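Pasting a structure below so you can have a look.
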Amino acid sequence: MNAPVDPRREGAIERVDAEVLESSLRMSSRARRPIVRRTPPKASSSRTRESLVRTPPRALVDSAWRELQRETDELRREIARRLHDSSMQKIAAAAMQLSLLERRHRDLGESVAEVQGLLSDCSRELREICHTLRPPMLDLGLGPGLRALENRLGQSRLVLPPEDLPRLDPAAELGAYRVVESALLSLYDQDERVTVDAVHSGRGIVTLTLIGRQRSRKTKNLPAPVLRAIAQAEARGRFRLVGDHLRLDVGFAATSALR
Amino acid sequence: MLIDDDPNIRDVLTEFLRELDHEVAPFALAENALAALQSGMRPSLILLDLMMPGMDGPAFLRAVASAGLADFPVVLITAAGRNAAAGLPVAQVLAKPFRLDDLLAAIEAHSRPA
């Protein structure tokens, strides 16, 4: 059964979320008329409606998209953290307990080894899931995250400043990491050796430069997965293309260049 | 010295090493382990978890170095995989879950007289 209509709430157009409002703005004037009729024009709601009408729909969509990305990133981070901090630790403890049992009861050796193999497989799979969700090493910063990536891939040459990179906004670190990861994975498919040059130039400014074998490569010619990563990052409002460079700009925190 | 925030890991490793007559000082917080070192504890080896709440493994290593404490051998234990410790000044990395025989081998290879 529908709840009784509260006339005070019915007129509260300020409370309508952006998506509903946007769809209502797209409706025909005939369809909108009843809402207008039910809502006596007040100064405040008129101002709100005018300001929203003036707001380009694209801006609303971008804003909603950024918020969705932020929420998604946070959720992925939380799931990865729980998997690492709880599930993987318990599996590790169980495997070690088995190892202890095996030392005490040598006759259990074969059965224990079999279970340990399963636990190791489970642990490896969880590690991969964690990495896909959000690389755990990023919790220690972009530098350790990139080093772990370099070791995982085993082909790139990572140049980091000796004092390591400063901590950035977590979303910026994840965005930069994903761009580098996508670029490396894509370029490896083309059998290219890539150097990732990370420079801390002070005042929290970090420049990441990816240099492939073809130094004249233009951004527009980059492989599709790299462009997708760039597009995602751009959609989050954190990256923008400047000529052939990809620039990451989070407040004063970071700059990233991809050429 | 054993530093790991997970009680299950800490307990099983402590139990195992004590069974083999090793003297074990378990710590759940790296901050407390650092304080113990500053108070004069001289372990023959440090088993250090990489990722912990509060002071993590790399932060602990930096704090030990900046405090001018002795250069203790460190074996890193981590669920994040062997690659996770790239660039850290440690003697060896053991990826959880590891076999206890591997732990013993690491202790024998790297421990120094306390």
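What you see below is based on every heavy atom in this structure, not just the backbone, and it leaves out hydrogens, waters and symmetry mates. Please read all numbers here as calculations on a predicted model, not as lab measurements. Protein chains get the first letters and strands the later ones, always in sequence-line order, with residue 1 at the start of each.
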In terms of heavy-atom pairs under 4.5 Å, which option from L13(B), N8(B), V12(B), D49(B) contacts chain A the most?
V12(B)
Using a strict cut-off of less than 4.0 Å between a Lys/Arg side-chain nitrogen and an Asp/Glu carboxylate oxygen, indicate whether K90(A) and D6(B) qualify as a salt bridge.
no
So CG of D101(B) and CD of E102(A): to nearest 0.5 Å the spacing works out to 7.0 Å
Does any backbone or side-chain atom of R124(A) lie under 4.5 Å from a heavy atom of chain B? Answer side chain, backbone, both or neither.
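Nothing of R124(A), per the 4.5 Å heavy-atom cut-off to chain B.
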Side-chain contact, heavy-atom cut-off 4.5 Å: D139(A) with M51(B)?
yes
Using a 4.5 Å cut-off on heavy atoms from C-beta on, say whether the side chain of L100(A) contacts that of E19(B).
yes
At a 4.5 Å cut-off on heavy atoms, which part of L20(B) comes close to chain A: side chain, backbone, both, or neither?
side chain
Within the 4.5 Å heavy-atom criterion, are L140(A) and L50(B) side-chain neighbours or not?
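Heavy-atom side-chain distance check passes, below 4.5 Å.
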Quick one: does any side-chain atom of R99(B) pair with a main-chain N or O of S99(A) as donor and acceptor, under 3.5 Å?
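Not at all, since once roles are kept as given, no pair shorter than 3.5 Å links the two residues.
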For L103(B), is it the side chain, the backbone, both or neither that has a heavy atom under 4.5 Å from a heavy atom of chain A?
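When you check distances to chain A, no heavy atom of L103(B) falls under 4.5 Å.
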Once side chain to side chain donor-acceptor pair (under 3.5 Å) is applied, do any residues pair with R18(B), and if so which ones, sequence neighbours excluded?
none
Which bit of M88(A) comes within less than 4.5 Å of chain B, counting heavy atoms only: side chain, backbone, both or neither?
side chain
Looking at CZ of R104(A) and CZ of F16(B), how far apart are the two atoms once the value is rounded to the nearest 0.5 Å?
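Output value for this atom pair is 10.0 Å.
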